[in-house]
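Being a predicted model, the structure only gives us computed values, none of them experimental.
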Number of protein chains: 2
Amino acid sequence: MKIGELARVTGANIETIRYYERIGLLPEPQRTAANYRSYGEAHRSRLAFVRHSRDLGFTIEEIRSLLDLSDHPERDCGEADRIATGHLEQVEAKIAQLEVLRDELARIVGRCRGGLAGDCRVIEALGNHRMCESHHA
Amino acid sequence: MKIGELARVTGANIETIRYYERIGLLPEPQRTAANYRSYGEAHRSRLAFVRHSRDLGFTIEEIRSLLDLSDHPERDCGEADRIATGHLEQVEAKIAQLEVLRDELARIVGRCRGGLAGDCRVIEALGNHRMCESHHA
DNA sequence: ATGCACCCTGTAGCAACTACAGGGTCAAGG
DNA sequence: CCTTGACCCTGTAGTTGCTACAGGGTGCAT
């Protein structure tokens, strides 16, 4: 299959596929006589792994390690679990941080009663951290 | 006050302050005889506004608009409210998205019972979206 | 032969910084 | 007087994970 079809079946963008190849996440595929990239099932599956991991928020470097484990079935699974657990913790931390922001923003937005910028509570609050209830980031 | 002191009192990084000046968020300050930047209270307050807004997750362009309103007290406050409300909605959307990821990750991580990578449920799940319960991003 | 969809390489851009390299300034201590 | 150290300057390149060209080639149908 050519790159366009691989893009269609995986939902990835063509440029992204070439980018993954360039940074070594995907192996260089064979080429047709016309120098077109030619992919098989192994490539499709590897790209699906990468896209799925990216959708779950793993970084490229984390995915590199996960793929490496996947390529060496004799290794210990603990590393994969460690990466995933670490990532889960980061996601949880990010959620917690965004919730603080959300509450602070909601408080600020709720103060607007319309009128002129000079009297605006929103702008005033942005200039003055002491008006905040919590110590967001 | 010189740039180092401004950085200390606002918690911003020196390079970031110069960056804000370069992109026009902060006005060019006066210079001392030695060509050092020299800041006053107006700069401090403007930088505090910027840092606070960034901490709340506003983009540089949103902050540019907010600063513009702050510089024109006779304008309507509605624009500030519109920006803040829009941003709040984005934060809420991001939280919702991360919560889906978190649940999916927790499910994947929970499957690991140790052992070899070849049998690893974590790696298997990453390669296979059909094992997911929800349609995360 | 010409239009069109597809493919190629290589480079530049995005956000919002951060990190140098390579230099100047200034006050205190020996 | 000289050096050491802390500070400041400009300008450029790197970060992450793509995305968007520019400028060209290929392959098939009309």
Flag the pair [X] and [Y] as a salt bridge only when some basic side-chain nitrogen lies within less than 4.0 angstrom of an acidic carboxylate oxygen.
X: R107(A); Y: E104(A); answer: yes
X: R82(A); Y: D76(A); answer: no
X: R8(A); Y: E5(A); answer: no

Practice item. Identify the 5'-most and 3'-most nucleotides of DNA chain C with at least one atom closer than 4.0 Å to a non-hydrogen atom of chain B. Key: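 Taking any atom under 4.0 Å from a heavy atom of chain B, the span is dA16(C) to dC26(C).
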
Write down the distance between [atom1] ([X]) and [atom2] ([N]), rounded to a whole number of angstrom.
X: K2(A); N: dG27(D); atom1: NZ; atom2: C1'; value: 8 Å
X: R18(A); N: dA20(D); atom1: CZ; atom2: P; value: 13 Å
X: E21(A); N: dT19(D); atom1: CD; atom2: C1'; value: 17 Å
X: I17(A); N: dC18(D); atom1: CD1; atom2: P; value: 12 Å
X: I60(A); N: dG14(D); atom1: CD1; atom2: C1'; value: 17 Å
X: L25(A); N: dT16(D); atom1: CG; atom2: P; value: 13 Å
X: I3(B); N: dC7(D); atom1: CD1; atom2: P; value: 13 Å
X: E5(B); N: dA6(D); atom1: CD; atom2: C1'; value: 15 Å

Heavy atoms under 4.0 Å, any strand shown: does [X] hit a base, just sugar-phosphate, or nothing?
X: R51(B); answer: sugar-phosphate
X: R54(A); answer: sugar-phosphate
X: F58(B); answer: nothing

**Study point:** Of Y19(B) and E15(B), the one whose closest DNA chain C nucleotide lies more 5'
**Key:**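 The residue closer to the strand's 5' end, by nearest nucleotide, is Y19(B).
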
Review point. Contacts to DNA chain C from residues 26-39 of chain A, heavy-atom cutoff under 4.0 Å, which residues?
Key: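 Here the set is R31(A), N35(A), Y36(A), R37(A).
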
Check your understanding: Under a 4.5 Å cut-off applied to non-hydrogen side-chain atoms, are C120(A) and L69(B) in contact?
Key ->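 No, too far: nothing below the 4.5 Å cut-off.
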
Check your understanding: Among side-chain atoms of R51(B) and Y20(B), is any donor-acceptor pair under 3.5 angstrom?
Key ->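 R51(B) vs Y20(B): donor-acceptor pair found between side chains.
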
Spell out, as yes or no, whether a donor-acceptor pair under 3.5 Å connects the side chain of [X] to the backbone of [Y].
X: S53(B); Y: F49(B); result: yes
X: T85(A); Y: D81(A); result: yes
X: H87(A); Y: L56(A); result: yes
X: H43(B); Y: G40(B); result: yes

